[in-house]
Engineer: 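Here you go, one structure.
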Amino acid sequence: KIMVTGALGQIGTELVIKLRSLYGADYVLATDIRKNQSVAATSGPFEILDVTDGKRMLELAKKYEVDTIMHLAAMLSAVAEAKPLVAWNVNMGGLVNALETSRELGLQMFTPSSIGAFGPSTPKDHTPQVTIERPTTMYGVNKVSGELLCDYYFTKFGVDTRGVRFPGLISYMAPPGGGTTDYAVEIYYDAVEKGRYTSFIDRGTYMDMMYMPDALQAIVQLMEADPARLKHRNAYNITAMSIEPEDLAKEIRLHLPNFKLDYAVDPVRQSIAESWPNSIDDTAAREDWGFKPSYDLEKMTTDMLGKIEQKLENKGKLAQ
Ligand code: VAH
């Protein structure tokens, strides 16, 4: 069985659905700190789990005969910056518990890093797989520490831990949990609902982005890859596009010609975004385990707008 932590988050929600469709509903134990009525929470085994409770995590892993942990529970960059010590406790406490559970029970483990693991002194364009990582956010400190801790558990205890450095993820099922790249999700919703969007990230601010289906495919592909081919463990650079707000607006206007974009820059999230790369180099992932995204900006925008319109229509139907 696969245990997913943070199963009701932006990635977890869709990862649970994908894994259950691939391996069977009962094969995936979804856990999160709270329950809701989402498909992820109701389409198979679900347990409440606060990842800072290591005892409970081990108990559940034994009870459900788990062989893989996909650890996604974390506080993202913007919320972590607002409560840095809480973020340290949740992000690092949760990770240590996942690694300890994996070590004790001999589990395979996935946990993501992020482009947030890079900082102002990292080369900004085509950021290499191996380079300077001195982030200036608590989230980044958690991600770099996490990368080092996972590699330590791999070399010291032989835990089969794997990870990718996710770019900003764009999706329509579950909202992102307080990140810096959330503007790239909000812009699509507002385009459909209001015909306009006020961005908290400034024009000309480039960041790597990826559509959720490519992110989920990358997780499955990495976890199923031949370990002998993996030159890195935590974590591989992966990306699908490097864009700035105006790029999204231009693409959206091909579908909604009157769409208007303006700016009310949030200094906190703008400074986080400026400390991250403009574009990262994901050659290692492509060479070691065949990473290859299938959604570019055009294909993502077409799918995203269509799915959001559908979602709002259904909600409208429910409301009647
Ligand atoms: C965040 N969406 O904004 C996350 C991610 C690369 C960005 O780490 O914090």
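Indexing begins at 1, ligand by ligand and atom by atom, following the structure's order.
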Engineer: Should the proximity of A78 to ligand 1, defined as any heavy atom under 4.0 Å, be assigned to the side chain, the backbone, both, or neither?
Structural biologist: neither
Engineer: Measure the distance from atom 9 (O) of ligand 1 to every protein heavy atom, then report the residue, atom name and distance (to 0.1 Å) of the closest one.
Structural biologist: S77 OG, 2.6 Å
Engineer: Look at R229 together with E287 and state whether they make a salt bridge at an N to O cut-off of under 4.0 Å.
Structural biologist: no
Engineer: Salt bridge or not between K63 and E47? Use side-chain N to carboxylate O under 4.0 Å.
Structural biologist: yes
Engineer: Is D26 salt-bridged to K1, going by a charged N under 4.0 Å from an acidic O?
Structural biologist: no
Engineer: In the single-linkage hydrophobic clustering (I, L, V, M, F, W, Y; side-chain heavy atoms under 4.5 Å), do L222 and M109 co-cluster?
Structural biologist: no
Engineer: Examine ligand 1 and decide if any of its atoms is less than 4.0 Å from a heavy atom belonging to I115.
Structural biologist: yes
Engineer: For atom 3 (O) of ligand 1, what is the nearest protein heavy atom, given as residue, atom name and distance?
Structural biologist: T180 N, 2.7 Å
Engineer: Out of F166, Y139, F118, whose heavy atom sits nearest atom 8 (O) of ligand 1?
Structural biologist: Y139
Engineer: Any atoms of ligand 1 less than 4.0 Å from a non-hydrogen atom of P167? List them with their elements.
Structural biologist: 6 (C)
Engineer: Using a strict threshold of under 4.0 Å (side-chain N to carboxylate O), is an ion pair present between D266 and R269?
Structural biologist: yes
Engineer: Considering non-hydrogen atoms of the protein only, which is the closest contact for atom 2 (N) of ligand 1, and what is the distance?
Structural biologist: T181 OG1, 3.0 Å
Engineer: Run the contact test for G168 against ligand 1 with a 4.0 Å cut-off on heavy atoms, strictly below, and give the result.
Structural biologist: yes
Engineer: Give a yes-or-no answer on whether the side chains of S77 and T137 include a donor-acceptor pair shorter than 3.5 Å.
Structural biologist: no
